[in-house]
Amino acid sequence: MIATHAESGRLRLALPNKGRLSQPALTLLHEVGLTFEEDDRRLFAPCRNYPLDLLFVRADDIGEYIQDGVVDLGITGTNLLREARARVEPRLELGFGRCRLEVAAPQSSLVHSVSDLEGLVVATSHPSLSAEFFEARGVLCRLIEISGAVEVAPLLGVADAIVDLVASGSTLATNALRPVETILESQAELVSSPALDPERRHLADQLTLMLDSVIAAKHRKYLMLNAPANAVTRIREMVPGMGSPSVIPLAEAGMVAIHAVVDAETVWQQLGPLRSAGASSILVLPIEKLIP
Ligand code: AMP
């Protein structure tokens with residue numbers, strides 16, 4: 001029997017129980033260092049090393065669970081929170097599950113802009129965001145709600161266009177559709193109830209910081225190298241985002257070690273130029289957690 005939320009004195013976090021957001025969310029919690037039992041059929045998993053209980057539910061329901069006070073926090077897609085009009089406090093963008101909610105029309109159609117949809121039929125799995133969008137643009141079209149495979153609606157002749165989630169665009173292309181306009185950019189995010197009591201708010205803030213430190217670390221590497229002391233200025237100019245490195249004298253006269261946190265996406269391009277500038281013993285190491 002699960003203790004009621006008020007009785008437990010622990011923080012409760014809702015996670016998607018299946019689908020494309022589920023595994024990346026679990027991986028992120030493991031990277032933070034949280035330990036818990038993982039089991040496909042579980043509804044509930046207590047963390048062993050933090051006062052946190054995980055509740056596995058449908059990604060679409062997470063906003064409502066937070067709003068109703070069933071859980072304190074949740075991880076789900078921006079699109080789902082916005083579609084459910086959930087009143088939640090945004091905390092952290094998590095960088096996975098990236099997609100866009102797009103208006104798309106058949107490649108052969110005469111629809112080239114949103115205003116061309118006036119009087120036409122649009123199929124969508126996001127009726128409330130779509131209605132809001134078309135109303136704001138002053139376009140009167142008829143929306144029909146479809147829960148899956150929205151992209152086949154024009155082929156079946158039930159709609160003139162669609163509003164659907166797009167990541168790479170390959171599903172649109174396979175179904176002879178082209179994007180017309182983006183309604184919303186989405187990714188997985190951590191959100192909480194705006195009404196946390198002080199004790200839970202403190203725990204939620206700590207958890208947010210822990211997650212933030214793991215996400216920040218993914219974009220950075222730790223660079224270590226040895227160089228002649230007179231090359232330090234040049235090396236600092238060469239590595240973008242190097243900030244203020246540690247420069248440590250070595251036993252060998254005139255030589256220093258440089259240690260710095262650098263941008264993970266560009267550092268590899270600098271390895272050759274660094275060596276040409278006199279750097280040696282260059283090490284690029286992963287960073288587990290980073291709190292600026
Ligand atoms: P699921 O249908 O349970 O796999 O998860 C769908 C959620 O994953 C969506 O509501 C989005 O937040 C996110 N997502 C990310 N990329 C895509 C995509 N290409 N198609 C559909 N959903 C996506």
Side-chain angles (χ1 to χ4, degrees), residues 13-31 38-45 54-67 70-71 73-107 122-133 143-156 159 161-192 211 215 218:
L13 168 68
L15 296 171
N17 58 356
K18 54 182 165 59
R20 66 185 84 208
L21 302 180
S22 166
Q23 195 52 51
L26 289 173
T27 303
L28 184 62
L29 296 184
H30 285 305
E31 285 171 342
E38 234 181 275
D39 172 345
D40 281 356
R41 285 148 303 172
R42 252 173 196 251
L43 172 66
F44 189 79
L54 308 177
L55 198 68
F56 298 98
V57 293
R58 274 164 41 102
D60 319 44
D61 294 335
I62 289 177
E64 206 165 314
Y65 277 130
I66 295 173
Q67 209 170 279
V70 177
V71 296
L73 298 135
I75 290 180
T76 190
T78 313
N79 59 307
L80 297 172
L81 293 164
R82 294 278 303 276
E83 179 63 25
R85 300 200 164 116
R87 284 185 302 279
V88 294
E89 183 179 313
R91 282 186 168 260
L92 201 58
E93 293 183 334
L94 301 177
F96 60 87
R98 283 183 194 277
C99 56
R100 307 178 301 277
L101 187 65
E102 298 239 19
V103 181
Q107 275 154 11
V122 179
T124 182
S125 54
H126 289 68
S128 100
L129 277 171
S130 303
E132 226 173 79
F133 173 77
L143 290 173
I144 54 170
E145 185 176 350
I146 295 183
S147 55
V150 178
E151 64 279 1
V152 298
L155 286 174
L156 296 176
I162 62 167
V163 169
D164 200 12
L165 293 174
V166 177
S168 67
S170 62
T171 307
L172 286 190
T174 309
N175 290 283
L177 296 164
R178 62 176 150 73
V180 173
E181 194 168 319
T182 300
I183 297 184
L184 177 83
E185 302 273 352
S186 180
Q187 63 176 295
E189 44 173 318
L190 175 74
V191 292
S192 72
L211 288 162
I215 294 162
K218 286 183 196 293

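These figures come from a predicted structure and were not determined experimentally. In each ligand, atom 1 is the first atom listed, and ligand 1 is the first ligand listed.
- Close contacts of ligand 1 with Gly97, meaning ligand atoms under 4.0 Å from a residue heavy atom, involve 15 (C).
- Of all heavy-atom pairs between Leu73 and Ile66, the closest is C-CD1, 3.8 Å.
- Protein heavy atom nearest atom 16 (N) of ligand 1, with residue, atom name and distance: Cys99 CB, 3.4 Å.
- Annotation for Phe56: atom CZ counts as buried by contact number, over 12 foreign heavy atoms lying within 6.0 Å.
- Between Ser186 and ligand 1, a contact under 3.5 Å exists for no N or O pair.
- Nearest-residue assignment for atom 3 (O) of ligand 1 (options Ser168, Gly19, Gly77; heavy-atom criterion): Gly19.
- Ligand 1 has no atom lying under 4.0 Å from any heavy atom of Ala59.
- For atom 22 (N) of ligand 1, the nearest non-hydrogen atom from the set Leu21, Leu165, Val166 comes from Leu165.
- In this structure a side-chain-to-backbone donor-acceptor pair under 3.5 Å is present from Gln67 to Arg87.
- Atoms CD1 and CD1, on Ile162 and Ile144 in that order, are 11.0 Å from each other to the nearest 0.5 Å.
- Which parts of ligand 1 touch Ala167 is read off a 4.0 Å heavy-atom cut-off, strictly below it: atoms 19 (N).
- The closest donor-acceptor contact from the side chain of Thr76 to the backbone of Ala59 lies under 3.5 Å.
- There is a protein heavy atom less than 4.0 angstrom from atom 20 (N) of ligand 1.
- Remark: side-chain polar atoms of Thr78 are paired, donor with acceptor, to backbone N or O of Gln187 under 3.5 angstrom.
- Between Leu101 and the options Asp164, Thr182, Asn79, Ile183, a side-chain contact (heavy atoms from CB on, under 4.5 Å) holds for only Ile183.
- Listed by number with element, the atoms of ligand 1 under 4.0 angstrom from any heavy atom of Leu80 are 10 (O).
- Other residues, nucleotides and ligands contribute more than 12 heavy atoms inside 6.0 Å of the CZ atom of Arg100.
- Summarising the contacts of atom 4 (O) of ligand 1 with Lys18, Glu83, Arg20, Arg58, the nearest heavy atom is found in Arg20.
- Taking atom 11 (C) of ligand 1 as the reference point, the nearest protein heavy-atom neighbour is Asn79 OD1, 3.5 Å.
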